[in-house]
2 protein chains.
Amino acid sequence: MTVSELTASAQDYLKMIWSSTEWAEAPITVGAMAERMAVKPSTVSDGIRRLAKQGLVTHAPYGSIELTPAGRAHAVEMVRRHRLLETFLVQILGYGWDEVHDEAEILEHAVSDTMIQRIDEKLGHPTRDPHGDPIPSGNGLPHPPQGDPLTSVEPERTVTITRISDADPDMLRYFTQLGLGPDTRLQVLAHRPYADVTTIRVGDRDVDLGPSAAEAIWVVAN
Amino acid sequence: MTVSELTASAQDYLKMIWSSTEWAEAPITVGAMAERMAVKPSTVSDGIRRLAKQGLVTHAPYGSIELTPAGRAHAVEMVRRHRLLETFLVQILGYGWDEVHDEAEILEHAVSDTMIQRIDEKLGHPTRDPHGDPIPSGNGLPHPPQGDPLTSVEPERTVTITRISDADPDMLRYFTQLGLGPDTRLQVLAHRPYADVTTIRVGDRDVDLGPSAAEAIWVVAN
DNA sequence: CATGAATGTTAGACTGGCCTAACATAAGTG
DNA sequence: CACTTATGTTAGGCCAGTCTAACATTCATG
């Protein structure tokens, strides 16, 4: 079975389950999935049951949700589609990095394997999308995320941004104003715990970031 | 209401009803629609009823099917999407003209108005798709089909191809072999009625075309 | 460790889109 | 012009996906 034969919602569930393990540790819950997909928990519960019946996830009632190897392969393919499409929209159609997420979210269910392949070729087999996220390779090879949230970096360290979550377009526009993007270097000045603020220096400017912003930025030491 | 808010099948029905009037005269029947969409007539009957309820078509039981102005606007927008996408796939992603129909048929339901606009700009506001079909303009201006089927041209006439139906990819590949495409000039040598064959001269080659091929090619005198 | 709060599941209803089978109407022909 | 055949519609069923409301389980805290 190829990923194109799944329903759009099945593709969404699988992608979300997989994505939840890419940057976080804790397994995803029904409630969290429902919130992210803007549906009720009962809907997710139902959907998971259907996926389990197809052998794409394992799930006992009230138990944890895990991808089977088949489910994981489909999930990775969807992530590949999403990130290639985002890259394509930016590089070929001139979209801003803040505009591509929602468009890709729809297109990923509609494009053929052929089209994904041609996009990949046209772009020269890119390895990262406009937000810095790694693009899984076509042959399903393991896929190396790297970096840690900005919130976990010790003060005084200078780091390079590896990825920025694409979930919030407004936040991305704010980051653009600040000159923050993948591969931007910055210095962490301080974490102020009770203010929940992380202060960074980027270029010659000092900026305070709240928790949602600081958690959206992942960095590596350099 | 924008066309994106309709269901995919509603978009398909409207596009098909409109398309049936573009090159033919007779109004489309439920049976013909069912066959072209590969569903049962009862399904089409149902679908038409839903469209009528939304005010997009007028239809009394056993009566003819007509688009309302709103329905027509949506239909034309879908045709525009389809043809822009086909052009895009050929020009930007290197598809062959025989490969684009099915892909566009899916994508047309998924792309946003924004994406269509950017594609249109990227392509320089093209007026014809890879098969020669006119691309309706974004403001819904009337849309001038032109030409007549090759089968209706008098022998000895020299004509120019304006469009070739994109319905059959195999046929398109055959036409490519023959060097036939939009803007190709050819001479009609004869119609042989009981053989149902039209003989044409293209370049320095004489070719016999059966009825399905000859009806797929539309031409103007030059 | 018991109980209440949080979380997850099931039941039942609805929609769109499809089907088959039965029925209704229209069209064409002897 | 009546009757057969072709065409179209309705009825009833199914599936996926959603909802609300009721119920079940787990967890955390007093």
Side-chain angles (χ1 to χ4, degrees), chain A residues 1-17 20 24-67 71 74 78 105-106 108-110, chain B residues 1-17 20 24-67 71 74 78 105-106 108-110:
Chain A
M1 181 175 47
T2 163
V3 70
S4 302
E5 296 166 42
L6 298 173
T7 64
S9 91
Q11 292 172 343
D12 277 337
Y13 286 125
L14 294 174
K15 185 176 61 136
M16 179 162 302
I17 296 166
S20 74
E25 348 49 40
I28 193 156
T29 65
V30 169
M33 288 182 70
E35 182 169 354
R36 281 212 247 166
M37 302 180 77
V39 299
K40 302 295 166 188
S42 59
T43 304
V44 172
S45 209
D46 241 47
I48 296 296
R49 197 176 36 66
R50 276 194 297 272
L51 289 178
K53 199 154 56 179
Q54 293 173 81
L56 301 173
V57 304
T58 57
H59 177 59
Y62 302 100
S64 66
I65 299 164
E66 312 247 315
L67 294 170
H74 292 320
M78 291 312 296
E105 201 74 15
I106 307 281
E108 67 192 16
H109 303 303
Chain B
M1 180 174 50
T2 166
V3 69
S4 302
E5 295 166 43
L6 299 172
T7 65
S9 93
Q11 292 172 343
D12 277 338
Y13 286 125
L14 293 175
K15 185 175 62 136
M16 179 162 301
I17 296 167
S20 75
E25 351 45 42
I28 194 156
T29 65
V30 169
M33 288 182 70
E35 182 169 355
R36 281 212 247 167
M37 302 181 76
V39 300
K40 301 297 165 186
S42 58
T43 304
V44 172
S45 211
D46 240 47
I48 297 296
R49 197 176 36 66
R50 275 194 297 272
L51 289 178
K53 200 155 56 180
Q54 294 173 82
L56 301 173
V57 304
T58 57
H59 177 59
Y62 302 100
S64 66
I65 299 164
E66 311 247 315
L67 293 171
H74 292 321
M78 291 311 296
E105 201 73 16
I106 308 281
E108 66 191 16
H109 303 303

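Here is the naming used below: chain letters follow the sequence lines, and residue numbers restart at 1 for every chain. Please read all numbers here as calculations on a predicted model, not as lab measurements. Excluded from the calculations below are hydrogen atoms, water molecules and symmetry mates; all remaining heavy atoms, backbone and side chain alike, are included.
Rounded to the nearest 0.5 angstrom, B:Met78 CE and B:Leu6 CG are separated by 8.5 Å. Atom CD of A:Gln11 sits about 11.0 Å away from atom CD of A:Glu105, to the nearest 0.5 Å.
Computed from coordinates, the A:Met33 CE to C:dT7 P distance equals 16 Å when rounded to whole Å. When the C1' atom of D:dG17 is taken as reference, atom CD1 of A:Ile48 falls 14 Å away, rounded to whole Å. The nearest whole Å value for the distance from the CD atom in B:Glu35 to the P atom in D:dA6 is 15 Å. Between A:Gln54 atom CD and D:dA16 atom P there is a gap of 8 Å when expressed in whole angstrom units. Distance CZ (A:Arg49) to P (C:dT10): 7 Å, rounded to an integer number of Å. Distance, A:Leu6 CG to D:dC15 P: 18 Å, rounded to whole Å.
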Name the pairs: protein N/O against N/O of nucleotides 24-29 of chain C, kept only if under 3.5 Å.
unit_1 : atom_1 : unit_2  : atom_2 : d
C:dA24 : N3     : B:Tyr62 : OH     : 3.3

Would you tabulate the pairs of protein nitrogen or oxygen atoms and nucleotide nitrogen or oxygen atoms of nucleotides 16-19 of chain C closer than 3.5 angstrom?
unit_1 : atom_1 : unit_2  : atom_2 : d
C:dG17 : OP1    : B:Thr7  : OG1    : 2.3
C:dG17 : OP1    : B:Ser9  : OG     : 3.1
C:dG17 : OP2    : B:Arg50 : NE     : 2.9
C:dG17 : OP2    : B:Arg50 : NH2    : 3.3
C:dG17 : O5'    : B:Ser9  : OG     : 3.4
C:dC19 : OP2    : B:Lys40 : N      : 2.9
C:dC19 : OP2    : B:Thr43 : OG1    : 2.5

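Across all their heavy atoms, B:Met33 and B:Ile65 have their closest contact at SD-CD1, 4.3 Å. Of all the heavy atoms in B:Ile17 and B:Val57, the pair that sits closest is CD1-CG1, 4.0 Å. Between B:Ile106 and A:Ala110, the closest heavy-atom pair is CG2-O, 3.3 Å.
A:Leu51 is not listed as a side-chain neighbour of A:His59, based on a closest heavy-atom distance of 4.5 Å or more.
Atom CD of B:Glu35 sits in a sparse spot, with 12 or fewer heavy atoms from other residues, nucleotides or ligands closer than 6.0 Å.
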Show me the donor-acceptor pairs, under 3.5 Å and distance only, between side chains in residues 40-48 of chain B and residues at least two apart or in other chains.
unit_1  : atom_1 : unit_2  : atom_2 : d
B:Asp46 : OD1    : B:Arg49 : NH2    : 3.4

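B:His59 has a side-chain polar atom (N or O) that falls below the 4.0 Å cut-off from OP1 or OP2 of D:dT9.
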